[in-house]
Amino acid sequence: MKGIDFKVKTIEVEGKKVKLQVWDTAGQERFKTITTAYYRGAMGIILVYDITDEKSFENIQNWMKSIKENASSGVSRMLLGNKCDIEAKRKVSKETGEKLAKDHGIRFFETSAKSSINVEESFIALARDILLKSSKKQGPGGQEVHLTPTVKKSSKCLLF
């Protein structure tokens with residue numbers, strides 16, 4: 001059985017360095033309490049589903065509920081439909097993903113982790129949203145922003 005995978009990456013957004021802290025639990029139920037604890041301190045959350053797996057898309061609603069119950073009200077959120085490089089196996093249309101994101105008032109991207117399609121762009125977009133919210137709260141000078149993710153089965157919830 002795999003443990004928690006942790007990665008750190010620093011990117012530059014609008015001249016500011018943003019440190020991304022990514023936590024991946026690979027959907028293991030034994031990490032569920034850790035996942036919900038991270039919601040409280042998260043500044044951004046990326047929800048990821050597999051476009052070739054309808055169940056992973058359906059699980060997004062569970063993640064949305066968990067976020068609503070455990071995260072701060074101002075947390076930046078984003079929805080990603082992953083594996084857009086394998087169109088022939090698609091089960092969830094792009095329009096369906098876009099509608100869900102629109103219904104929740106969040107950004108949407110289709111990505112491919114394997115082919116690096118829209119991965120960097122989605123992280124930068126979320127970091128930009130977080131920086132914008134942080135600068136409104138902090139005023140000039142701001143603060144260091146840490147972004148942190150978490151994962152469940154083929155649908156994922158990434159916390160930043």
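Because only heavy atoms are used, hydrogens play no part in the values below, and waters and symmetry mates are left out as well, while side chains stay in.
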Excluding sequence neighbours, so at least two apart, what forms side-chain hydrogen bond (donor to acceptor under 3.5 Å, both in side chains) with S116?
none

Looking at E69 and K65, is any side-chain nitrogen of the basic one under 4.0 Å from a carboxylate oxygen of the acidic one?
yes

Do I11 and V13 touch side chain to side chain, with heavy atoms closer than 4.5 Å?
yes

Heavy-atom closest pair (I117 atom, C84 atom, distance to 0.1 Å) is CG2-SG, 4.0 Å

Once you measure the plane-to-plane angle for Y49 and F108, does it fall in the parallel (<30°), tilted (30-60°) or perpendicular (>60°) bin?
parallel

Verdict with reasoning, L80 to V48, per side chain to side chain contact (heavy atoms under 4.5 Å, CB included):
CA-CA 5 Å; L80 300 182; V48 183; 4.1 Å; yes

Show your reasoning for whether side chain to side chain contact (heavy atoms under 4.5 Å, CB included) applies to E14 and L131.
CA-CA 9 Å; E14 298 181 10; L131 284 173; 5.5 Å; no

Side-chain heavy-atom pair K133, S76 within 4.5 angstrom cut-off
yes

Could you go through residues 99-107 and list every donor-acceptor pair under 3.5 Å that involves a side-chain atom there, pairing it with any protein atom two or more places apart or in another chain?
{"from": "K99", "atom 1": "NZ", "to": "D103", "atom 2": "OD2", "distance (Å)": "2.9"}
{"from": "R107", "atom 1": "NE", "to": "D129", "atom 2": "OD1", "distance (Å)": "3.4"}
{"from": "R107", "atom 1": "NE", "to": "D129", "atom 2": "OD2", "distance (Å)": "2.8"}
{"from": "R107", "atom 1": "NH2", "to": "D129", "atom 2": "OD1", "distance (Å)": "3.0"}

Please assess I46 against F123 for the test side chain to side chain contact (heavy atoms under 4.5 Å, CB included), listing each intermediate value before the final yes or no.
CA-CA 9 Å; I46 296 180; F123 278 93; 4.3 Å; yes

Taken in chain and number order and not counting sequence neighbours, the residues that satisfy side-chain hydrogen bond (donor to acceptor under 3.5 Å, both in side chains) with E120 are K9

The reported gap from OG1 in T96 to NZ in K91 (rounded to nearest 0.5 angstrom) is 13.5 Å

Please report the shortest heavy-atom distance between V75 and G44, naming the atom on each side.
CG2-N, 3.7 Å

Point-to-point distance, once rounded to the nearest 0.5 Å, from CZ of F109 to NZ of K94:
10.0 Å

Considering only NZ, NE, NH1 and NH2 on the basic side and carboxylate oxygens on the acidic side, decide whether K55 and E58 come within less than 4.0 Å.
no

Less than 4.5 Å apart, side chain to side chain, heavy atoms only: is that true for M78 and L47?
no

Residue pair D53 / V92: nearest heavy atoms and the distance that separates them:
O-CG2, 4.3 Å

To the nearest 0.5 Å, what is the distance between CG on L126 and CD on E121?
13.5 Å

I need the I51 CD1 to I86 CD1 distance, nearest 0.5 Å.
6.5 Å

Just wondering, do I67 and I45 contact through their side chains at under 4.5 Å, heavy atoms?
yes

Do the side-chain N and O atoms of S56 and D50 include a donor-acceptor pair separated by under 3.5 angstrom?
no

Any chance you could lay out the side chain to side chain contact (heavy atoms under 4.5 Å, CB included) test for K83 and S112, step after step, and finish with the verdict?
CA-CA 5 Å; K83 297 190 181 179; S112 168; over 6 Å; no

Are the side chains of E110 and R90 in touch, meaning some heavy atoms are under 4.5 Å apart?
yes

Rounded to the nearest 0.5 Å, what separates atom CH2 in W63 from atom CG in L79?
13.5 Å

